[in-house]
Amino acid sequence: MSKVLVSDPIDQIGIDILSQVAQVDVKTGLSPDQLVQIIPDYDALMIRSGTRVTQEIIEAGTQLKIIGRAGVGVDNVDVPAATRRGILVVNSPEGNTIAAAEHALAMMLALSRHIPAANQSVKAGEWDRKSFTGVEVYKKTLGIVGLGKIGSHVAKVARAMEMRLLAYDPFLSSERAEQMGCHLVDLDLLLRESDYITLHLPKTPETQHMINAESLAKMKPTARIINCARGGIIDEEALAIALKEGKIAGAALDVYESEPLGESPLRALGKEAILTPHLGASTEEAQVNVAIDVAEQIRDVLLGLPARSAVNIPGLRPDLLEKLRPYLQLAEILGNLISQLTGGRVESLNVRLQGELASNESQPVVVAALKGLLSTALQERVNYVNASIEAKERGIRVVETRDAAVIDYTGSLRLSASGPNGEHTVTGALLGDNEIRITNIDDFPINVPPSRHMLFTLHRDMPGIIGKLGSLLGSLNVNIASMQVGRKIVRGDAVMVLSLDDPLPDGILNEITQVPGIRDAYTVTLPTS
Ligand SMILES: NC(=O)c1ccc[n+]([C@@H]2O[C@H](COP(=O)([O-])OP(=O)(O)OC[C@H]3O[C@@H](n4cnc5c(N)ncnc54)[C@H](O)[C@@H]3O)[C@@H](O)[C@H]2O)c1
Ligand SMILES: O=C(O)[C@H](O)COP(=O)(O)O
């Protein structure tokens with residue numbers, strides 16, 4: 001049974017889903033060293049933002065197949081290291097969108113009306129109304145930095161409060177921003193004109209300290225800033241100084257450069273600063289959403305099914321996946337076949353996608369062919385996550401051609417490559433009921449289903465050859481399940497394709513090529529029943 005480690009608190013519903021297929025161990029609060037020690041036992045790791053999944057942990061996770069982040073941000077996971085090791089990283093891109101947006105809006109209103117400080121004052125026995133006079137958000141300008149899922153929900157609610165909306169998002173068109181009621185502007189203008197600024201963008205090297213002393217200096221002295229996105233987008237030291245010196249009126253932070261927040265000048269500030277401990281996603285609803293979303297993906301991957309929100313492999317729409325699934329299997333088999341026929345070590349792979357496979361949506365089929373090609377050398381270490389990277393690192397050039405014309409089959413795939421055994425070409429297609437067929441080998445037409453043990457010969461089409469080969473295999477107690485000959489002209493060159501019930505004994509290929517008329521022979525083991 002697979003084993004899943006849950007190293008951050010997640011909703012019970014996620015644990016119930018995982019328990020359908022795996023032993024689930026919930027161990028929160030582990031130190032990095034403890035995690036390195038126990039991770040080798042686990043097939044899957046489920047986390048929130050509390051666990052930092054470093055390269056060291058990934059390398060120690062020799063059984064790890066998937067890391068599931070019950071939330072959006074994967075900045076606490078070394079995704080490139082996971083990709084190199086073929087470990088899938090999945091998240092829940094939408095499960096906590098509403099929760100995070102509502103937290104940002106709550107912060108904006110709490111800042112405007114000094115709610116935390118007023119609450120504290122009443123609880124301390126005071127009745128001070130004068131110190132807590134606030135401001136209204138009505139008709140004020142809200143600058144939204146990052147108009148993605150969370151930013152656009154904030155925009156929707158803020159519009160209902162009749163705020164004027166500015167947005168800065170370099171990856172969004174003005175038309176799209178206008179549809180959301182926002183006027184797209186540059187960051188400089190947004191900083192200068194906004195009464196409130198709310199951040200909803202990822203933390204990247206480019207956005208690190210995007211809000212710094214210089215940008216704070218551009219803001220109005222009455223401006224308030226909210227960060228419920230990621231710590232580090234604001235330079236905390238510069239912010240603390242700006243607040244202390246009254247350069248801006250307030251800040252509400254849910255996320256910090258280092259979490260948990262340690263010693264910080266922010267802690268010493270008064271009612272102008274509101275600090276919450278990374279609570280954006282902490283609603284009952286969001287925690288159920290993300291736990292279901294990610295646990296289901298981990299469960300599916302452990303069952304050999306694809307994940308819907310993988311961050312290190314292009315996601316596939318479920319309908320497209322359903323359509324491509326038999327082609328992915330075909331591509332893997334053909335990739336494996338060509339690798340064995342060429343003797344491995346190919347320098348380039350030519351992939352021809354024909355008929356319905358010519359569409360750009362069939363790109364995963366190329367990845368599947370690479371996976372099949374590399375699996376002879378890398379076995380289970382290659383998968384859909386790392387096949388393209390592994391191929392690149394091995395210097396394998398992939399040349400794709402696409403032709404939408406339908407020839408013989410609705411869709412077909414042809415691979416050619418050369419290696420130590422010379423150049424070979426294999427073509428395959430699906431029959432009406434999605435049955436896989438190898439339809440051509442080295443330009444000889446055939447029509448055989450792939451099978452686990454196969455023998456391919458190149459021979460002269462002449463009487464007696466089939467009988468001689470059959471007798472030879474019979475004398476070795478190898479049972480032939482099926483046999484087919486492909487030829488272009490009578491008594492010319494031909495290929496023979498045999499499906500065998502048993503693997504061929506070692507060294508037998510030499511004997512086969514001694515049969516008069518047989519020029520070459522290859523045994524192949526394919527990943528099929
Ligand atoms: N506090 C929390 O608990 C919490 C919860 C959920 C999400 N988040 C964080 O909120 C942020 C937004 O999440 P989302 O789901 O809306 O993501 P999203 O991908 O839907 O939106 C992000 C937007 O930021 C924009 N963007 C990227 N680089 C930018 C830049 N340099 N300047 C301006 N805009 C830029 C993108 O174009 C995109 O529109 C993320 O950082 C996420 O990790 C925090
Ligand atoms: O990226 C996210 O989803 C948020 O930061 C939430 O993080 P959390 O799951 O640790 O609450």
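Both ligands and their constituent atoms are indexed starting at 1 by order of listing. For clarity, every value in this text was computed on a predicted model and none was experimentally measured.
Under a 4.0 Å criterion applied to the non-hydrogen atoms of G73, ligand 2 contributes the atoms 1 (O), 2 (C), 3 (O). Heavy-atom proximity to N96, at under 4.0 Å, picks out these atoms of ligand 2: 2 (C), 3 (O). Short contacts between ligand 2 and A281, defined as distances under 4.0 Å to a heavy atom of the residue, involve ligand atoms 6 (C), 11 (O). Listed by number with element, the atoms of ligand 2 under 4.0 Å from a non-hydrogen atom of G71 are 3 (O). Near R230, the atoms of ligand 1 lying under 4.0 angstrom from a non-hydrogen atom of the residue are 41 (O), 43 (O), 44 (C). When each atom of ligand 2 is checked for a heavy atom of A70 under 4.0 Å away, the hits are 9 (O).
Note that CG of L109 is 6.0 Å distant from OG of S112, once rounded to the nearest 0.5 Å. Taking CG of D78 as the start and CD1 of I67 as the end, the distance is 9.0 Å to the nearest 0.5 Å. Within the model, atoms OG1 of T62 and CD1 of I39 stand 9.5 Å from one another, a figure rounded to the nearest 0.5 Å. Here the CD1 atom belonging to I197 is positioned 9.5 Å from the NZ atom belonging to K220, to the nearest 0.5 angstrom. From I233, atom CD1 reaches atom CG of L201 across 4.0 Å, with rounding to the nearest 0.5 Å.
The N/O atoms of K149, backbone and side chain alike, include one that comes under 3.5 Å of an N/O atom in ligand 1. Polar contact with ligand 2: present for V72 (N/O pair, distance under 3.5 Å). The shortest N or O to N or O distance between G50 and ligand 2 is not below 3.5 Å. At a 3.5 angstrom cut-off on N or O pairs, F171 does not count as close to ligand 1. No N or O atom of V255 sits closer than 3.5 Å to an N or O atom of ligand 1. Residue R69 has at least one nitrogen or oxygen atom sitting less than 3.5 Å from a nitrogen or oxygen atom of ligand 2, judged on distance alone. For a threshold of 3.5 Å applied to N or O pairs, the pair formed by S49 and ligand 2 contains at least one separation below that value. Polar contact check, P93 against ligand 1: no nitrogen or oxygen pair lies under 3.5 Å apart. At least one N/O-N/O distance between D169 and ligand 1 falls below 3.5 Å. Checking only distances, A281 does come within under 3.5 Å of ligand 1, N or O to N or O.
Comparing heavy-atom distances from atom 21 (O) of ligand 1 across G95, S282, G148 singles out G148 as nearest. Nearest to atom 33 (C) of ligand 1 by heavy atom, out of P202, P170, A286, is P170. Residue nearest to atom 31 (N) of ligand 1, selected from T207, V145, N91: T207 (by heavy-atom distance).
Looking at I150 against ligand 1, both its backbone and its side chain come within 4.0 Å, counting heavy atoms. Residue M210 touches ligand 1 through its side chain alone, judged by heavy-atom distances below 4.0 Å. Of all the heavy atoms of A100, the ones lying under 4.0 Å from any atom of ligand 1 belong exclusively to the side chain.
A side-chain N or O of D254 and one of T276 form a donor-acceptor pair less than 3.5 Å apart. Residues D16 and Q12 have side chains that bring a donor and an acceptor to within less than 3.5 angstrom of each other.
R164 has a carboxylate O that lies under 4.0 Å from a charged side-chain N of E193, or vice versa, which qualifies the two as a salt bridge.
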request  = Before giving the answer on side-chain hydrogen bond (donor to acceptor under 3.5 Å, both in side chains), spell out for T410 and E356 the whole-Å C-alpha distance, their side-chain angles and the decisive distance to 0.1 Å.
outcome  = CA-CA 6 Å; T410 328; E356 66 174 349; 5.0 Å; no
task = Go through the steps to decide whether M108 and K140 satisfy the test side chain to side chain contact (heavy atoms under 4.5 Å, CB included), and finish with yes or no.
result = CA-CA 12 Å; M108 180 172 73; K140 297 280 166 44; over 6 Å; no
message = Apply side-chain hydrogen bond (donor to acceptor under 3.5 Å, both in side chains) to residues E206 and T204 and explain how you reach the verdict.
response = CA-CA 5 Å; E206 292 75 45; T204 62; 3.3 Å; yes
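Residue contact check for ligand 1: D254 places a non-hydrogen atom closer than 4.0 Å to it. Within the 4.0 Å heavy-atom shell around ligand 1 one finds L147. At a 4.0 Å cut-off, at least one heavy atom of H278 sits close enough to ligand 1 to count as contact. Within the structure, ligand 1 lacks H103 among the residues with a heavy atom less than 4.0 angstrom away.
The protein atom (non-hydrogen) at minimum distance from atom 9 (C) of ligand 1 is A229 O, 3.5 Å.
For E237, the CD atom is loosely surrounded, since the number of other residues' heavy atoms within 6.0 Å does not exceed 12.
Considering all non-hydrogen atoms of both residues, I10 and A70 come closest at CG2-CB, 4.2 Å.
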